Amino acid sequence: MLRRRFRRAIVAAVLWFLVLPGSFVGIAVLNSHADRLLEYGAEVTGQVVGVYDPFARRGTPTITVDYPVGDALEQAVVSRDSDRAYVEGDRVRVYYDPADPQDMRTADERNLDDRWMGVFVFPLVVALFAWPWMVTFGVGWARRRKAARRDGWQPATATVVGSSSGYQLLRLDFRGGAMLVVRTVAAVRGRYSFLRGGPVEGHVAGSGRDFVLTLPRGPRTPGPYAIPLRVPRGSRRRAHR
């Protein structure tokens, strides 16, 4: 069971890690396309006919540009990523794809597609946070598995006695009258709130940061269920008074 939790954590860590190069490649492709327009696109002089600066930077600053394509006048909204300040009437150099005149940029603005940037940037930001968590959880499950194999399992009754920042504080009652206060460990706070339903019988193994509680069944699964625990600083196993 602990091996299964370890494998799941490692698989999740690998998948989140793969998001990183995938996102970087996608962003690089968008930048490369903008560079190709600058090098190979048709070059004309355009005019700024509108400037949008979002309030408190809540949104993408843009300029609206008119530019000639043959005998016609095209208009496009350009995402701004430079520090250049614009006013209506400014002249700008425009580079566009002759096969698709709306595919354009200016000399100073790459005009990267916000939708595609969101597709690549959002997973990148999430992965930068999620991947270290998954690695940490994988290492933690490996340590708990090692501790359980070394020390063996002890039967215990777990009772919720409080909460700390969304995590459950448990009192573990052992045979012979000893007790120990521990807390749950989870990437999502409140994940083990189902333990508030009443005392549960299970087995524990490990110590300190490498503690684990196993139950005969989980809240939604019929098989054994493992819950990572941590012994708070200053908590010691002691006999009931």
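Worth saying up front: this structure is predicted, and the values here are computed from it rather than measured.
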Working to the nearest 0.5 angstrom, can you tell me the gap between [X] [atom1] and [Y] [atom2]?
X	Y	atom1	atom2	value
Ile63	Ser82	CD1	OG	8.0 Å
Leu73	Asp66	CG	CG	4.5 Å
Thr64	Tyr52	OG1	OH	11.5 Å
Arg110	Arg105	CZ	CZ	7.5 Å
Thr106	Tyr96	OG1	OH	15.0 Å
Tyr67	Gln75	OH	CD	9.0 Å

Sequence neighbours left out, cut at 3.5 Å: what donor-acceptor pairs do the side chains of residues 37-49 make with other protein atoms?
residue: Glu43; atom: OE2; partner: Arg93; partner atom: NE; Å: 3.0
residue: Glu43; atom: OE2; partner: Arg93; partner atom: NH2; Å: 2.9
residue: Glu43; atom: OE2; partner: Tyr95; partner atom: OH; Å: 3.4
residue: Thr45; atom: OG1; partner: Arg93; partner atom: NH1; Å: 2.0

Same cluster or not: are [X] and [Y] linked, directly or through other Ile, Leu, Val, Met, Phe, Trp or Tyr residues, by side-chain heavy atoms under 4.5 angstrom apart?
X	Y	value
Val51	Val65	yes
Val231	Leu169	no
Val185	Val135	yes

Requested in this report: Assess whether side-chain contact (heavy atoms from CB on, under 4.5 Å) is satisfied between Leu180 and Phe211, documenting all intermediate values.
Outcome: CA-CA 12 Å; Leu180 176 67; Phe211 216 75; 4.0 Å; yes

Non-hydrogen atoms of [X] and [Y] that approach each other most closely:
X	Y	result
Gly206	Ala147	CA-CB, 3.8 Å
Met104	Ala76	SD-CB, 3.8 Å
Leu215	Gly202	CD2-CA, 4.3 Å
Ser79	Leu112	OG-O, 3.8 Å
Val181	Met179	CG2-CE, 4.0 Å
Glu201	Pro216	O-CD, 3.3 Å

Query - Residues, nucleotides or ligands: over 12 heavy atoms within 6.0 Å of Arg84 CZ - result: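 Check passes, neighbour count above 12.
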
Within-4.5 Å side-chain heavy-atom neighbours: [X] and [Y]:
X	Y	value
Pro199	Thr157	yes
Leu170	Thr184	yes
Val204	Phe174	yes
Val212	Pro228	no
Val94	Val78	no

Query raised in the report: Is it true that a side-chain atom of Arg171 and a backbone atom of Val161 form a donor plus acceptor pair closer than 3.5 Å?
Result: no

Requested in this report: May I ask you to decide if Asp210's main-chain N or O and Arg144's side chain share a donor-acceptor pair within less than 3.5 Å?
Outcome: no

Query raised in the report: Parallel under 30°, tilted from 30 to 60°, perpendicular over 60°: which one fits the rings of Phe194 and Tyr225?
Result: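 Geometry flag for Tyr225 against Phe194: perpendicular rings.
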
Query - Residues Asp53, Arg80: salt bridge by 4.0 Å N-O rule - result: yes

Requested in this report: In sequence, state the C-alpha distance, the side-chain angles, and the governing distance for Leu195 and Ile227, and then conclude on side-chain contact (heavy atoms from CB on, under 4.5 Å).
Outcome: CA-CA 11 Å; Leu195 294 171; Ile227 300 175; 4.0 Å; yes

